[in-house]
Every structure is written in structure tokens, then in C-alpha cells.
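So the structure is just underneath, and the comments pick up after that.
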Amino acid sequence: MDYNQIQNAASFINDKLKQQPKIGLILGSGLGVLAEDIENPVKIPYNEIPGFPVSTVEGHAGQLVCGQLSGEEVIVMQGRFHYYEGYSMDKVTFPVRVMKELGIEKLIVTNAAGGVNENFEPGDLMIITDHINNMGTNPLIGPNDSRFGVRFPDMSEAYSKNLRAVAKEVADKNNLQLKEGVYFGNPGPVYETPAEVRMIRTLGGDAVGMSTVPEVIVARHSGLEVLGISCISNMAAGILDQPLSHDEVIETTENVKSSFLLLVNEIVKTLGNN
Ligand code: HPA
């Protein structure tokens, strides 16, 4: 990862901002609607930012939106980069480095994921307690630039206990039901086979998806505190007697929109008051 490239992108963005963002958010498939809640938005399409890749998948707008969410200065990625699109791990995680350079301290990562835990149902929101990296690679492979972080980062609390507690408290106060569990990160782009889903369950995965893991590894490397939220958009393959489709994923995330928006808005507000 090239330090100068990150600084270039960050200073390009910084020139357009009035305030320094404190919290970064990455919005997953079908969850980009949160960006519409941002006040005084400054929108920067990815293709205008030097060094940024351009997103291709449906359901992803591909822009940064900066402004206030529940009164807090945030920077939101409306659309993310996936490894399966063919981007290198460096590209997938580039925006996290840039957000860190812009001064964020906390990162809220969201995604749509398949439910592996049979106690889950489509439409559930799951706080990520931990992850399993099954992507077959790691964004930190290569020489370590110590300006970013240490060679061997600790991952014993990849998803902040503190932020998880805030999420639970907010959910309780607002009568929102929250699930909790381990996110299993696959490279994609195929959905899993039923046998793979059984394997994932045996290995301790509660939800499965094709994102998040690389960004969280880089966020931890750079010392950011992370909160992860999965929207269970479908039951993983083989659990129900029906095929999976991206349309179903988008449709379910559409249906949980209101509780997702409430949860994230209230979490951001609470973090601002702390
Ligand atoms: N598997 C992998 N990724 C996903 C799924 C799934 O079932 N649903 C949404 N993203």
C-alpha cells in the first residue's frame, strides 16, 4: 500500500470537507440508503478521487458522502469494493486507509450476509462478534509499512467490545431485536453450496458473506475501533428449499431499512455523546 497515494486521496477529499469526520461507515449491498440521512452532504463519486477504484456491482452507488449523521461528523462509503470484482486486496482496503488518514477513530462496517445459524431469519440484524477469514489471502501480505501499523497485528478484539455494548444498549432502548455472531468471509462471487454451509456452521460461523473481513483487518492494523453489523438477507444455501439470488438479498435489505437506519443513527448519536 503506497503511503503517498493514500495521502493524495485524503488531501483531495479533505479540500472538499468543512469538518473532520470522526466516524467512518461502510454501507453494504442494499444498505446505501443510510447515506440519504446525512445532513449537509458533500458527495464525492469514487471515480473523481485519485487512486480510488470504481465499484461495479448492482446496488452500490459508488460515492463518499460526508456530513452529519445524528449530529456527528461522518464519512460514509456508499458502496464498497469486493475482492470478487477483481480488485486487489490493496484496492479493496484503500478507502479504509484513506478514512484513517482523514482522522476517523471508529469504523462501522455493514454488509448483507447469509444466515448460517438456524436460529436466524431473513431480516435479522446481527452484531458481528468476530470473523473467520476464509478469503484465501490477507490484505497485509507484503512489506509492512510501520507508518500504518505493526507487522503482526493483534486480532483478539477485532470487533470492539465497547462498541458492541453500545449497539446492544441502543437496541434495547429502541426495542430492536439484535442477533450476535461470527461472520465467515468467503471470496465469492458464488454463493455457497449446502455442504459448504454445513462446514461453515461446524467451524463456528453464524453468517456468511463476501466482504468486510479485508476492511476490518486493515482497520485493526491502523488502530481503528470497529463495529460490524450484518443484515441477514437470506438463509444460506441448503437451509431452505429454494435457490439464492442477489434480488432476494436486495429485497430483504430493503425491508429492514427502517430498523437498520434507526440502529445506526442511534449508535452514532450515542458515540457522539460519549
Ligand atoms: N452467502 C454469501 N454472501 C452473501 C449471502 C450468502 O448467502 N447473502 C448475502 N451475501
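Side chains included, hydrogens not; waters and symmetry mates left out as well; all remaining heavy atoms used. Counting convention: from 1, in listed order, for ligands and their atoms alike. In this text the structure is predicted, and so the values were computed from the model without any measurement.
The number of heavy-atom neighbours closer than 6.0 Å to CD of E48, taken from other residues, nucleotides and ligands shown, is above 12.
Among protein residues, A112, A113, G114, Y191, E192, V208, G209, M210, S233, N234, L244, V249 come within 4.0 Å of ligand 1, judged on heavy atoms.
A salt bridge links R80 to E215: at least one charged side-chain nitrogen sits closer than 4.0 Å to a carboxylate oxygen. A salt bridge links E169 to K173: at least one charged side-chain nitrogen sits closer than 4.0 Å to a carboxylate oxygen.
Partners of S259 according to the side-chain hydrogen bond (donor to acceptor under 3.5 Å, both in side chains) rule, which considers only residues two or more places apart in sequence or in another chain, do not exist here. Residues passing the salt bridge (Lys or Arg N to Asp or Glu O under 4.0 Å) test with K43: none are found, sequence neighbours excluded. Here K100 pairs with nothing under the salt bridge (Lys or Arg N to Asp or Glu O under 4.0 Å) rule; sequence neighbours left out.
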